Amino acid sequence: MKIHDVVVVGGGPAGATAATDLASEGYSVMLLDRPGRIKPCGGAIPPRLIRDFAIPDHLLVARARSARMISPKNREVDMPIDGGFVGMVDRADFDEWLRERAVRAGAVRVDGQYQALRRDEDGKAVIEFAPHGSGEKNKLERVGARIVVGADGARSRVALDAMPETKPPRCVFAYHEIIQSPETGNGTFDPGRCDVYYQGRLSPDFYAWIFPHGATTSIGTGSAHKGFSLRGAVSALRRQCGMVDNETVRTEGAPIPYKVRKRWDNRNDVILAGDAAGAVAPSSGEGIYYAMRSGRLAGGAVAEALESGDSRALALARKRFMKENRRIFQILGMMQWFWYSSDQRRERFVSICRDPDVQRLTWQAYMNKKLVKAKPLTHSRIFFKDLAHLLRVVSP
């Protein structure tokens with residue numbers, strides 16, 4: 001049985017990044033991925049991701065230079081990006097390029113379906129998987145690993161096998177339809193703008209979106225409410241925006257975690273990354289940047305554990321991730337809990353977005369993935385404006 005230093009389960013942004021970094025350091029890495037899987041995603045990536053992970057221009061199918069927030073009463077607030085843009089990618093092509101980069105770095109790519117984490121007679125990890133296209137029903141193969149990286153999504157089977165005592169995070173279920181983009185100037189569609197709908201009928205606890213992808217467009221929504229019809233909401237949004245007749249290229253759905261897992265490793269030889277670790281921003285559901293960042297941190301922790309022989313190094317990935325993101329995740333979580341709770345509050349939330357100070361600080365934080373350094377006068381103005389809305393001193 002072949003034994004690798006690392007077996008990475010899941011070839012999305014988190015897994016592919018961890019595999020690339022570890023293979024680049026000379027470790028024996030196998031990247032196991034189930035082919036044909038495309039995660040539903042608006043596809044927005046900030047400039048910091050493009051810089052930090054050396055993303056080439058040809059993967060950017062569009063550049064959004066503004067966002068439009070639409071309230072329950074269909075009031076629209078435009079938020080232009082001053083001197084910058086948000087890159088838009090198609091996950092089918094983007095994720096494949098990341099996997100191929102891992103191969104170029106030296107990782108061995110295997111197309112197959114993860115089945116189970118086993119243990120050999122010495123207690124070492126053994127990954128059992130069904131190879132893709134083998135033509136033999138129930139044929140399984142096995143490969144050994146000194147360390148396993150579980151990057152297999154919000155309902156991670158690696159986490160279930162390696163850490164059965166831990167609870168998976170609650171999830172929002174997301175669904176979107178990739179359609180042929182409308183012609184420029186058709187209705188309200190703008191190929192350089194992301195539209196975000198804060199309307200309870202389209203999502204009772206999250207939001208709906210229309211994100212341009214060049215030749216195609218992502219129209220989607222999400223909700224944690226059981227029984228809420230995501231397909232029905234997307235259909236309603238397409239009717240509302242005059243996109244019913246645009247050809248549907250494909251449809252996708254998947255869970256998105258609400259919170260970061262309390263633990264990413266089993267204190268031995270398994271570590272999680274990406275959605276499996278809950279590395280998704282609350283409120284926005286943004287996952288690509290945080291997936292890749294968690295994959296890089298997981299890869300670094302794995303390298304430290306392999307080098308030192310001390311499995312306690314695996315815990316450093318989550319510790320470092322939370323040091324970077326705890327405050328912004330707490331703020332975004334409170335925003336989602338409060339502002340998304342009713343259409344009345346959503347109306348006021350969109351109204352707040354009209355404020356130039358709010359727009360400037362929001363884009364600065366999003367583009368650079370860190371809170372803006374304190375600007376007392378600006379922050380004071382925003383605080384009192386927010387307070388006025390909370391106390392309903394001003395109308396939406």
Side-chain angles (χ1 to χ4, degrees), residues 42 44 46 64-86 172 187-190 192-212 219-225 228 233-234 236-237 240-242 281-286 327-368 371-372 374-396:
R65 300 187 183 276
S66 69
R68 173 171 288 180
M69 310 301 187
I70 299 94
S71 78
K73 294 181 180 179
N74 287 319
R75 293 174 176 169
E76 300 174 349
V77 173
D78 286 333
M79 297 179 63
I81 304 172
D82 186 17
F85 67 90
V86 174
V172 167
T188 62
F189 178 76
D190 184 335
R193 186 187 68 220
C194 295
D195 291 349
V196 185
Y197 289 77
Y198 294 100
Q199 300 180 346
R201 67 185 187 84
L202 298 177
S203 173
D205 55 338
F206 201 55
Y207 63 83
W209 68 83
I210 298 178
F211 286 179
I219 302 183
T221 188
S223 178
H225 286 209
F228 181 77
V234 171
L237 182 54
Q240 178 177 331
C241 299
S283 179
S284 66
E286 182 192 356
R327 285 186 63 200
I328 188 65
F329 275 33
Q330 287 174 341
I331 292 170
L332 292 174
M334 288 187 290
M335 284 177 53
Q336 181 173 352
W337 171 78
F338 184 82
W339 291 113
Y340 294 6
S341 61
S342 71
D343 270 356
Q344 188 176 43
R345 288 180 177 176
R346 292 186 189 95
E347 196 71 39
R348 292 183 177 274
F349 173 71
V350 172
S351 180
I352 290 173
C353 292
R354 187 176 291 110
D355 186 275
D357 291 330
V358 171
Q359 294 186 13
R360 183 165 53 253
L361 292 182
T362 296
W363 284 126
Q364 288 176 4
Y366 172 80
M367 308 281 268
N368 299 297
L371 293 174
V372 179
K375 296 181 179 179
L377 291 178
T378 300
H379 289 184
S380 295
R381 287 197 300 269
I382 293 174
F383 171 77
F384 285 112
K385 290 172 184 176
D386 284 354
L387 186 62
H389 278 277
L390 289 171
L391 298 177
R392 301 182 185 179
V393 174
V394 297
S395 58

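Note that this is a predicted model, so its numbers are computed, not measured.
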Minimal non-hydrogen separation, E286 against P46, with atom names: OE2-CD, 3.8 Å
Atom pair CE/CZ of M334 and F329 - distance to nearest 0.5 Å: 13.5 Å
OG-CE distance between S66 and M79, expressed to the nearest 0.5 angstrom: 10.0 Å
Residue pair W363 / P80, side-chain heavy-atom distance below 4.5 Å: no
Reported CG-to-CD1 distance for the pair L202 and I219, which is rounded to 0.5 angstrom: 11.0 Å
Student check: side-chain heavy atoms of F228 and D205 closer than 4.5 Å: no
Distance-minimising heavy-atom pair for V86 and A44: CG1-CB, 3.7 Å
Ionic contact status for E347 with R75, cut-off 4.0 Å: yes
Any donor-acceptor N/O pair, E76 side chain to R68 backbone, under 3.5 Å: no
Close side-chain approach of T362 to Q359, heavy-atom, < 4.5 Å: no
Side-chain heavy atoms of R360 within contact of D82, under 4.5 Å: no
Side-chain donor/acceptor of S203 to backbone N/O of T221, under 3.5 Å: no
D195 side-chain N/O to I210 backbone N/O, donor-acceptor pair under 3.5 Å: no
Aromatic ring pairing Y198/F349, orientation class (parallel under 30°, perpendicular over 60°, tilted between): perpendicular
Flag side-chain contact, heavy atom, 4.5 Å: D343 against K73: no
Atom pair CG/OG1 of N74 and T188 - distance to nearest 0.5 Å: 10.0 Å
Minimum heavy-atom distance S284-F206, with the two atoms named: O-CZ, 3.9 Å
Donor on one side chain, acceptor on other, Y207 and S283, under 3.5 Å: no
Heavy-atom pair with the smallest gap, counting every atom of R346 and P72: CB-CG, 3.8 Å
Over all atoms of both residues, closest heavy-atom pair of F189 and P212: CZ-CB, 4.2 Å
Rounded distance (nearest 0.5 Å) linking atom CE of M335 with atom OH of Y340: 5.5 Å
Heavy-atom side-chain proximity of I81 to M367 below 4.5 angstrom: yes
Test item: D78 and R193 side chains (from C-beta on) under 4.5 Å apart, heavy atoms: yes
Nearest atoms (heavy-atom pairs only) where Q336 meets P282: OE1-C, 3.7 Å
